[in-house]
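Positions are given from 1 along the sequence.
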Amino acid sequence: MSTARFKHSLTRSAVRLARAVLRRPQLKYIARRMLGRFPTLQGRLQGMMYRAALAPHAKPPAGPQADSDLSPRTQRMMRELQRAFDKRAP
């Protein structure tokens, strides 16, 4: 595997991990506290996330594939909306 290919796959994995952490408020809090001690690393990770979000070749997200892709708060809101919709439907 070439160095560029390895770096690209490592970056993709880091972005996926960061997105998973950001979906969980408690992990997000812990990560921010830890990264606050290393401003250079924090800046590099933020840059990676922004570049991943703005990549011109990136496909728009298709939306969550499963409930586990959503944050706990969003999962609750979706359940409540579904219940309200089910009650309303004949």
**OP:** Look up atom CG in L10 and atom OG1 in T3, then write down how far apart they are to the nearest 0.5 Å.
**Re:** 12.0 Å
**OP:** For residues Q75 and R79, determine if any side-chain heavy atom of one lies less than 4.5 Å from a side-chain heavy atom of the other.
**Re:**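 In contact.
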**OP:** Among R88, Q82, R83, K87, find the one that has a side-chain contact (heavy atoms from CB on, under 4.5 Å) with F85.
**Re:** Q82
**OP:** Check side chain to side chain contact (heavy atoms under 4.5 Å, CB included) between A20 and all other residues, then give those that pass, not counting sequence neighbours.
**Re:**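 R23, R24.
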Original post:
For T74, which residues count as a side-chain hydrogen bond (donor to acceptor under 3.5 Å, both in side chains) partner, sequence neighbours excluded?
Top reply: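 Partners of T74 under the side-chain hydrogen bond (donor to acceptor under 3.5 Å, both in side chains) test: S71.
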Without placing hydrogens or testing angles, list every side-chain donor-acceptor pair under 3.5 Å for residues 25-38, not counting sequence neighbours.
unit_1	atom_1	unit_2	atom_2	d
Y29	OH	R33	NH1	3.2

